[in-house]
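Quick notes on the structure that follows.
Position 1 is the first residue of the sequence, and the numbers go up from there. None of these values were measured; they are calculated from a predicted model. In listed order, ligands and their atoms are each counted from 1.
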Amino acid sequence: MSRLSSSDRRRGRGLVFVLLSLVLVALGFGLWGALRLGPAPAIVIEVDRPAVGRSAKVTATFTEPGRGLGAVRLELVQGTHTIVLGEKSFARAGSFSPLRGAATAEASVEATIGRATQEWLSEGEAVLRATADRMSGPLRTAAPVVVEKRVAVRLRPPRLELLSRQHYVRQGGAGAVVFRVGDTAVRSGVRAGGFESVSFPLPGAAAGERFALFAIPWELADGRDIRVFAEDDAGNRAEASFVDLFKPMPAKSDTIEVSDAFLEKVVPPIVAQTPELDPAGTLLDQYVRINSDLRAKILARVTAMAATTEPRFLWSGPFLQMANTEKRANFAETRSYTYQGRVVDRQTHLGLDLASNARAAVPAANAGRVLFAGWLGIYGNAVILDHGYGLLSLYGHLSAVSVGEGERVARGATVGNSGATGLAGGDHLHLEIFVQGKSVDPVEWLDAHWITDNIASKLPVTMTP
Ligand SMILES: [Zn+2]
């Protein structure tokens, strides 16, 4: 039996103390892990409409960047109905940082709610309830985090009453309609096929009385598909038919022979003015790109400009046709373009071509504000006037422009001189009229009787210039 020296005993006690401390630390960590609560997850519920009607999109976003998410759930509750719209669960992270693995810090649940998906929904209120489990150790359970959002459920469409009468319209034409909407309406106007013309408050009338200057697209052959509409913020929509007579447009077509001389004349100036245009291929290839792609791009630009229209009548009196002009091409004429006997393109001509002497003065068809003045692709040098409430006139192929953007012009004032810039064979004026960004037949607007019967009889606009 050996005797331990006092220094050996001291060393032994030291070792026991260290081991004991380690055990205590481990126990402490274990207890801490078993009792520890993770941070509370944050929950945000968003609905894409202020109120729920037929259909709305809901997104619940859950975040817990500390220890990660466990399980999440989104429910819809109304009266005795509770349904789970979506739920997800994630692999749990360990208690200690090094064992955490891939914790899920953020997750979202998306769902569609509304009468279309939950036919038991009734007018009133419903609750969206989002639940997220809280991370906790085996010795302690924490209540989940619950966030609720109340949403209004509205199923009745806004009130919609027709006030004007005698609506005779033509395919490719325009018109005016007056109606009254209930106070829940946030959007109203005229739908013609897939094309919508929005309404404006009727000047000088009671609240809720509105009107629309509307376009009947030249592509719309079915006159039964034209309606006034009113929509609320829940997407509930009322529609009513109002057209008394619809006249289809007889098909018109023309063939345009594209010669090398024409290509050499029109293509290089347009390419030079259009840096974004692909200059590859022959003159004919470039011409076809200009006639199709550039044409579509320019029309989209005009539609965007139409949205900046002034909400008032800037015009009065009949629209003027340029003096001593002969009509060279009709509205909505389908043109086949042929090159050396084969058809290379087909487009629809959406204006009126008027020819007089070369470089003749071009008058403003009516009073308005200059929305655009300058180079406009296929139209060459062009001027666009805003006459208010979405009514625009465009003057194309000008040799000279004599007004500037933002300027007010009087009815008959010279906006420029005729020419052959852009896609034009010879000197002429291309006059185009847009209603809410859609080309309509200018012949109607150049006819004082038509304006009196269809526009001025319904709206507070005067036929005295
Ligand atoms: Zn033209």
Determine how many protein N/O/S atoms sit closer than 2.8 Å to the Zn ion (ligand 1), leaving waters out since they are not shown. 3
Carefully, step by step, assess Asn417 and Ser399 under the rule side chain to side chain donor-acceptor pair (under 3.5 Å). CA-CA 6 Å; Asn417 292 83; Ser399 57; 5.3 Å; no
Closest contact, heavy atoms only, Asn236 versus Gly53: OD1-CA, 4.0 Å
Which pair of non-hydrogen atoms, one from Arg170 and one from Phe246, has the smallest distance, and what is that distance? C-CE1, 4.4 Å
Those residues at least two apart in sequence (or on a different chain) that pass ring pair (Phe, Tyr, Trp, His ring centres under 6.0 Å) with Phe242 are His167, Phe214
Look at the rings of Phe211 and Phe200 and say which category their plane angle falls in: under 30° parallel, 30 to 60° tilted, over 60° perpendicular. tilted
Please say which of Phe313, Trp315, Phe434 ends up in a ring-ring contact (aromatic ring centres under 6.0 Å, His included) with Tyr389. Phe313
